[in-house]
Peer 1: 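Before I ask anything, let me first share the structure, which is written out below as structure tokens.
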Amino acid sequence: MTLVMKFGGTSVGSAEAMRQTAEIIEKFKAEWGSTVVVASAMGSKPVKVTDLLLNGSKAALTGDMEEVNALLPKLRAIHFEAIDELIPAGEKRMALKEEINRFLSHFSNMCQAISFLREISPRASDAIGGMGEQMSIRILAAYMSERGTPAEPIDATELIVTDDNFTNATPLIDETNQQTNDRLLPLLEKGITPIVTGFIGATPDGITTTLGRGGSDYSGSIIGRAIQAKEVWIWTDVDGVMSTDPRIVPDAKTIPELTYLEVSELAFYGAQVLHPRAMRPVMQDGIPLRIKNTFNPESPGTVIVKKRDLKKGHIRAVTGIRQLSMISVEGRGMLGVHGVAARAFKSVAETEASILLISQSSSEQSICFVVPQSTSAAVVSKLDSEFSSEIKVRNIECIKADENVAILTIVGSGMRGIPGVSGRFLTALGDAEINVIAIAQGSSECSISVVVSEESVAKGIQSIHKMIMAQ
Ligand code: ADP
Ligand code: ASP
Ligand code: MG
């Protein structure tokens, strides 16, 4: 039986964390027979290696090589400190440091090129961003071997084949399944634990891609499906999926069991604990996902499954997502204009902005949708040109962006078909004196979202969380 275990940035963020992670790997390898490990870049919060690397590339884009040169010793120190504590002085330690230095000089050379050209392609960004995982797995694997647990570091560029949508690539399932099995099964048969990079993959012709920020969870479940693992466990720094973000509500509670659908909604609407796409690969085959705490391994965590017993009307969790804009297309004449919604959404698609929520009044006099704030100017300008003739004859009176909005979402499959849930939700917001700008319910009836002003998010989450705890 194979268990896939993914360890997040904090779980490999220091020598101490790697020690804890190594103990977990050995314990569950002994229990399960074989394990595949997927690891993120080192990330002792708030300093994440991936952020440092990408910040370096952005600095290079402005020609600021001083910043890049200041980052190099920081990056070196993070990795070398861990190596010095974990690997005894000698040849192995030196070889490992040389490998890290090779990655860092590659990073520096790439930044130099970016700085010369004053241009960064998504492909270059992926090559740089993925180096954090390539460094961390080499340290973890060397340390595992040092402890007497045979382990081999593997770049997922050898396993996960993706399309060429750099910075947010999608795996090609058949090719990925084939390559992953071909590469990993012989190792597992020999009792070697593969330590695989999260976050990265490669196009069919071998160019490094990434699966989107936070994508190592997705890597874990892609590999879990490929080798038909019995379970996939995501090790992080909290006790599981909680009733809300514990940074906003410190007494948030761990939820023992959730469905794939519930967690997909939570992750899509901002709960950072899991990547929104991580559920997809394992959902079809019903492979359970478990979220566990590296620093409190005895806690049972959260298990994510296809179906669970539902308590009618129950809201399980609340989440929020900030830095959004609400775009409205309004006009009394819209009623008579053919296909406004289709044309509006097609225009948005052309800007590559993703729509997080849509709401349309039944009178067809307005369509509103929410996009990330960073994309709002491009969206409005695209809509202005698409509807220029309707604007001229005033069938459409205005296209506007309401900046600084946020989405609050409640999630729970038990809400389906139960009247009064949105009433309770809106009452809690009303009691907290929070104005609701728009409301939308997912067709799965597993989530209800409202648009509110950005500054009311924390207060909104706190008051809804109180209601959830009291139900
Ligand atoms: P990792 O590096 O292990 O992938 P992340 O930082 O990506 O960890 O995700 C874990 C963090 O997600 C937690 O530390 C917590 O602050 C945050 N978080 C946000 N919403 C939730 C939630 N509903 N349940 C648990 N954690 C959450
Ligand atoms: N290291 C990557 C990131 O910071 C992937 C991950 O941690 O999941 O986005
Ligand atoms: Mg994460």
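For ligands, and for the atoms within them, numbers begin at 1 and follow the listed sequence. In this chain, residues are counted from 1 in sequence order.
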Peer 1: Taking only heavy atoms of K6, which atoms of ligand 1 are found under 4.0 Å from at least one of them?
Peer 2: 4 (O)
Peer 1: Is there a side-chain contact between L274 and M279, using heavy atoms and a 4.5 Å cut-off?
Peer 2: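 Answer yes - side chains close enough.
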Peer 1: For ligand 1 and G9, I'd like to know whether there is a polar contact (N/O to N/O, distance under 3.5 Å).
Peer 2: yes
Peer 1: Is the ring pair W32/W233 parallel, tilted or perpendicular, if the boundaries are 30 and 60 degrees?
Peer 2: perpendicular
Peer 1: Among K45, R247, R316, whose heavy atom sits nearest atom 6 (O) of ligand 1?
Peer 2: K45
Peer 1: Of all the non-hydrogen atoms in the protein, which one sits nearest to atom 25 (C) of ligand 1, and at what distance?
Peer 2: G240 O, 3.3 Å
Peer 1: Could you list the residues that satisfy side-chain contact (heavy atoms from CB on, under 4.5 Å) with F268, not counting sequence neighbours?
Peer 2: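 side-chain contact (heavy atoms from CB on, under 4.5 Å) list for F268, sorted by chain: L356.
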Peer 1: When you pair each N or O of ligand 2 with protein N or O atoms, which pairs come out under 3.5 Å?
Peer 2:
residue	atom	partner	partner atom	Å
ligand 2	1 (N)	T50	OG1	2.8
ligand 2	1 (N)	E133	OE2	2.6
ligand 2	4 (O)	K48	NZ	3.2
ligand 2	4 (O)	T50	OG1	3.4
ligand 2	4 (O)	R213	NH2	2.9
ligand 2	7 (O)	S40	OG	3.4
ligand 2	8 (O)	G214	O	3.3
ligand 2	8 (O)	G215	N	3.4
ligand 2	8 (O)	S216	N	3.0
ligand 2	8 (O)	S216	OG	3.2
ligand 2	9 (O)	R213	NE	2.7
ligand 2	9 (O)	R213	NH2	3.4
ligand 2	9 (O)	G214	N	2.8

Peer 1: According to side chain to side chain donor-acceptor pair (under 3.5 Å), does anything in residues 67-82 pair up with another residue at least two apart or in another chain? List the pairs.
Peer 2: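 Output for this query lists R76-N101.
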Peer 1: Tell me the protein heavy atom at minimum distance from atom 5 (P) of ligand 1, and give that distance in Å.
Peer 2: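 For atom 5 (P) of ligand 1, the nearest protein heavy atom is Q272 NE2, 3.6 Å.
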Peer 1: At a 4.0 Å cut-off, with the gap strictly under it, does some heavy atom of H275 reach an atom of ligand 1?
Peer 2: no
Peer 1: Using the test ring pair (Phe, Tyr, Trp, His ring centres under 6.0 Å), find all partners of H275 that sit at least two apart in sequence or belong to another chain.
Peer 2: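 Expected list: Y218.
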